[in-house]
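Every value quoted in this text rests on a predicted model; they were computed, and no experiment measured them. Proteins get letters first, then strands, A, B, ... in listed order; numbering begins at 1 in each. These values consider heavy atoms only, across backbone and side chains, with no hydrogens, waters or symmetry-generated copies.
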Amino acid sequence: MRILSSDTSNYPGKTVQVVGWLHKKRLLGGLTFINIRDRKGLVQVVLHDKTEVEKLRGLQIGTVLSVNGKVVKEPRAPGGVELHDAKLKILVPVEVEPPIEIDKPLGHKPENLDTLFEYRPIGLRNIQESTIFKIQSVITKALRDYFAEQDFTEIHTPKLLAAATEGGAEVFKIDYFGKEATLAQSPQFYKQIMVGVFERVYEIAPVYRAEPSATTRHMTEYTSVDAEMAFIDISELQEFLSDLLNYVTDYLWKSNGADLKLIKATKPKITKKIPAITMAEIHERYSQATGENTIGERDLRPDEERWICDYTGQKLGSEAVFVTDWPAEDMKFYHKAQADHPKLADRIDLLFRGVEIVTGSMREHEYSLVLKQLKQKAGGDPEDPGFKPLLMAMQAGMPPHGGFGMGLERLTEKLLGLHNVKEATLFPRDINRLAP
RNA sequence: GGGCUCGUAGUGAAGAGGCCUAUCACGCCUCCCUGUCACGGAGGAGAUCGCCGGUUCAAAUCCGGUCGGGCCCGCCA
């Protein structure tokens with residue numbers, strides 16, 4: 001019966017079978033070490049028998065094999081345990097030399113990222129590389145746990161749409177049996193519709209953006225963590241996001257400390273209540289500190305986003321910060337303006353380690369106002385199949401509600417201290433990469 | 001879409017008019033090696049220097065074009 005690499009230490013003195021991939025061989029003459037990789041990690045096998053070593057001649061890293069050997073406690077072995085007197089059985093021989101080496105950390109220098117992605121199917125077998133995605137899986141688990149605790153219902157909305165929805169961002173158009181369809185750039189309207197059903201909903205799913213952006217934080221396809229909830233206000237939304245980021249971070253460092261250490265991730269400083277600063281104040285402080293004048297600008301420059309996170313990290317002990325008081329003139333039609341300051345939107349962005357990871361806002365829930373804003377801001381037609389379902393729900397009674405969208409890859413990237421979203425993406429898609 | 005940059009064995013790098021018949025490291029192949037864990041040692045194979053054209057007695061190196069990357073900005077998660 002097969003034993004997992006992580007389990008071998010539970011069978012001292014016993015002969016066990018381990019199956020997996022040949023990850024590394026070191027031939028020292030009369031003694032050969034090989035590492036076997038399975039889903040739990042690596043286990044070292046010591047070979048003395050020349051005929052066993054010969055079985056590996058000409059076989060490359062990646063060869064699939066089973067090993068029967070005696071478990072021996074050995075302080076010199078990585079993990080304190082190794083297999084002795086092993087008999088090898090080659091299950092799938094690999095004879096073609098792999099194009100990249102996976103037994104040591106892969107290069108993540110910007111200019112070499114292309115190679116990293118070109119050989120992803122193999123490179124992902126590297127332990128540091130797979131650890132990134134093992135952790136991403138834990139992040140989504142932590143998110144789901146948190147949403148479940150807060151009484152959210154997970155939903156799945158269509159990605160194939162009849163028409164563009166949000167407006168603004170470019171959408172992908174595709175041929176749909178001779179008609180034109182688009183790829184969802186956000187589940188925005190569907191999650192709002194579902195607020196009328198469940199009050200609290202979330203979705204973790206891909207979204208598509210046809211923006212020709214070529215930066216370290218953009219992709220044409222990414223995973224959006226979208227949530228929407230009824231009967232809240234903007235400060236409660238802020239509190240919710242504070243708790244969520246803290247929950248995920250604490251969960252991660254508690255459950256995967258060794259993995260995080262392996263990839264040299266340092267736990268971010270995040271205060272229980274994430275500080276909030278108005279955009280105007282950030283402009284002022286940034287302008288004062290750098291000599292650049294951004295006062296009056298309607299958005300934050302990327303450099304300001306980096307600067308303010310450094311600033312709050314040092315002065316306020318939080319590498320995450322909310323940006324509040326966005327100008328209402330740039331609102332989307334479904335957004336809500338602040339009740340006492342109609343020139344400002346009821347919107348918050350969450351910046352984390354220099355990058356915007358969340359945009360959240362209160363939505364306009366009064367049917368007549370949404371209708372008015374749709375015409376004014378988006379020049380939208382209420383009969384358009386892109387808008388009609390949302391309006392139908394609004395007319396049927398929608399409570400005050402708000403929500404947010406968070407980039408899963410950006411969150412992963414920043415939690416792990418990576419420098420490009422694509423490093424936190426299994427098979428990244430950008431303006432010039434559609435494969436692998 | 002705009003600006004700036006970079007393309008040299010499978011991978012990562014050095015070479016910046018003649019010293020290049022292109023150097024090094026890792027990987028690969030052969031041999032040696034009984035505690036490796038980026039094992040070590042000896043030897044070997046592997047590159048028409050992204051592509052096209054130009055300048056020059058001479059181009060990996062200079063110029064133009066082209067193709068492919070990267071970074072920044074705009075936009076956003």
For A:Thr115, answer base if it contacts any base atom (sugar-phosphate contacts may also be present), sugar-phosphate if it contacts only those atoms, and nothing otherwise; contact means non-hydrogen atoms under 4.0 Å.
sugar-phosphate

Name the nucleic acid region contacted by A:Glu413, choosing base, sugar-phosphate or nothing; use a 4.0 angstrom heavy-atom cut-off, strictly under.
nothing

Looking at every strand, decide which applies to A:Ile357 at a 4.0 Å heavy-atom threshold: base, sugar-phosphate, or nothing.
sugar-phosphate

Between the side chain of A:Asn112 and the main-chain N/O of A:Thr115, is any donor-acceptor distance below 3.5 Å?
no

Suppose we call a contact any N or O donor and acceptor under 3.5 Å apart; does that hold for the side chain of A:Glu118 and the base of B:G68?
no

For the side chain of A:Glu356, starting at C-beta, report the closest nucleotide among B:A77, B:C72, B:G35.
B:A77

For A:Gln288 and A:Glu284, does a side-chain donor sit closer than 3.5 Å to a side-chain acceptor?
no

Which nucleotide wins on minimum distance to the side chain of A:Lys109, given the candidates B:A77, B:C75, B:A13?
B:A13

What's the gap between B:U48 and B:G1 when it is taken at their C1' atoms, as a whole Å value?
38 Å

I'd like the C1' distance from B:C51 over to B:G46, given in whole Å.
22 Å

Looking only at the side chain of A:Leu31 (C-beta and beyond, no hydrogens), which of the listed nucleotides B:A77, B:G35, B:C72 gets closest?
B:G35

Tell me the interatomic distance from A:Leu22, atom CG, to B:U36, atom P, rounded to whole angstroms.
20 Å

Taking only the side-chain heavy atoms of A:Gln60 (C-beta and beyond), determine which of B:C76, B:C29, B:G35 contains the nearest atom.
B:C29

Base partner of B:A60, which must satisfy Watson-Crick or wobble distances under 3.5 Å
none

What integer number of Å spans the P atoms of B:U21 and B:C32?
37 Å

For atom CD1 of A:Ile61 and atom P of B:G27, their distance in whole Å
10 Å

Reckon A:Gly107 touches a base, only the sugar-phosphate, or nothing at all at heavy-atom distances under 4.0 Å?
nothing

Paired with B:U11 by Watson-Crick or G-U wobble geometry, both distances under 3.5 Å: which nucleotide is it?
B:A25

Flag as yes if A:Tyr222 stacks onto the base of B:A77 (centroids under 5.5 Å, planes under 30°), otherwise no.
yes

For A:Pro78, which contact category applies under a 4.0 Å heavy-atom criterion: base, sugar-phosphate, or nothing?
base

Over all strands shown, is A:Asn35 touching base, sugar-phosphate only, or nothing at heavy-atom distances under 4.0 angstrom?
nothing

For a quick check of understanding: with a heavy-atom distance under 4.0 Å over all strands, which category does A:Ser224 fall into, base, sugar-phosphate or nothing?
nothing

From B:A77, B:U11, B:C73, pick the nucleotide closest to the side chain of A:Ile100?
B:U11

Check the distance between B:C28's P and A:Glu95's CD and give it to me in whole angstrom.
14 Å

Between A:Tyr202 and A:Tyr146, ring centroids under 6.0 Å
no

Anything under 30° is parallel, anything over 60° is perpendicular, the rest tilted; go ahead and classify A:Phe189 against A:Tyr334.
perpendicular

Mind checking the C1' distance from B:C49 to B:C62? Whole angstroms is fine.
15 Å

Quick one: A:Gln185 CD to B:C75 P, roughly how many Å, whole number?
16 Å

To the side chain of A:Pro212, which of B:C73, B:G1, B:G70 is closest?
B:G1

Classify the side-chain pair A:Tyr222/A:Arg410 by whether it contains a donor and acceptor separated by less than 3.5 Å.
no

Reading RNA chain B from 5' onward, which residue's closest nucleotide shows up sooner: A:Gly29 or A:Asp303?
A:Gly29

Given B:G27, B:G10, B:G74, identify the nucleotide with an atom nearest to the side chain of A:Glu97.
B:G27

Please work out if A:Asp226 contacts a base, only the sugar-phosphate, or nothing of the nucleic acid, heavy-atom cut-off 4.0 Å.
nothing

Please report the distance, rounded to the nearest Å, between CZ in A:Arg298 and C1' in B:C76.
16 Å

Please report whether the ring centroid of A:Phe387 lies less than 6.0 Å from that of A:Phe333.
yes

Pairing partner (Watson-Crick or G-U wobble, both distances under 3.5 angstrom) of B:G1
B:C73

Measure from the side-chain N and O atoms of A:Thr312 to the backbone N and O of A:Ser318, and report whether any donor-acceptor pair falls under 3.5 Å.
yes

So does A:Glu129 get a backbone contact from the side chain of A:Asn126, meaning a donor-acceptor N/O pair under 3.5 Å?
yes

Watson-Crick or G-U wobble partner of B:C20, both distances under 3.5 Å:
none

Tell me the interatomic distance from A:Phe117, atom CZ, to B:U11, atom P, rounded to whole angstroms.
16 Å

Select base, sugar-phosphate, or nothing to describe what A:Val225 touches, counting heavy atoms under 4.0 Å on all strands.
nothing

Which nucleotide wins on minimum distance to the side chain of A:Asn432, given the candidates B:A77, B:U11, B:G69?
B:G69

From CZ of A:Arg217 across to C1' of B:C75 the rounded distance in Å is 9 Å

With the side chain defined as heavy atoms from C-beta on, A:Leu27 is closest, among B:C33, B:U36, B:G74, to B:C33

Look at all strands and tell whether A:Thr223 reaches a base, only sugar-phosphate, or nothing, counting heavy atoms closer than 4.0 Å.
nothing

May I ask you to say what A:Arg57 touches in the nucleic acid, namely base, sugar-phosphate or nothing, with a heavy-atom cut-off under 4.0 Å?
sugar-phosphate

To the nearest Å, give me how far apart CZ (A:Phe404) and P (B:C76) are.
19 Å

Does any part of the side chain of A:Glu170, heavy atoms only, come nearer than 4.5 Å to the side chain of A:Gln185, both counted from C-beta?
no

Donor-acceptor pair (no angle test) under 3.5 Å: A:Glu111 side chain, B:G7 base:
no

Please name the nucleotide paired to B:A42 by Watson-Crick or G-U wobble geometry with both distances under 3.5 Å, or report none.
B:U30

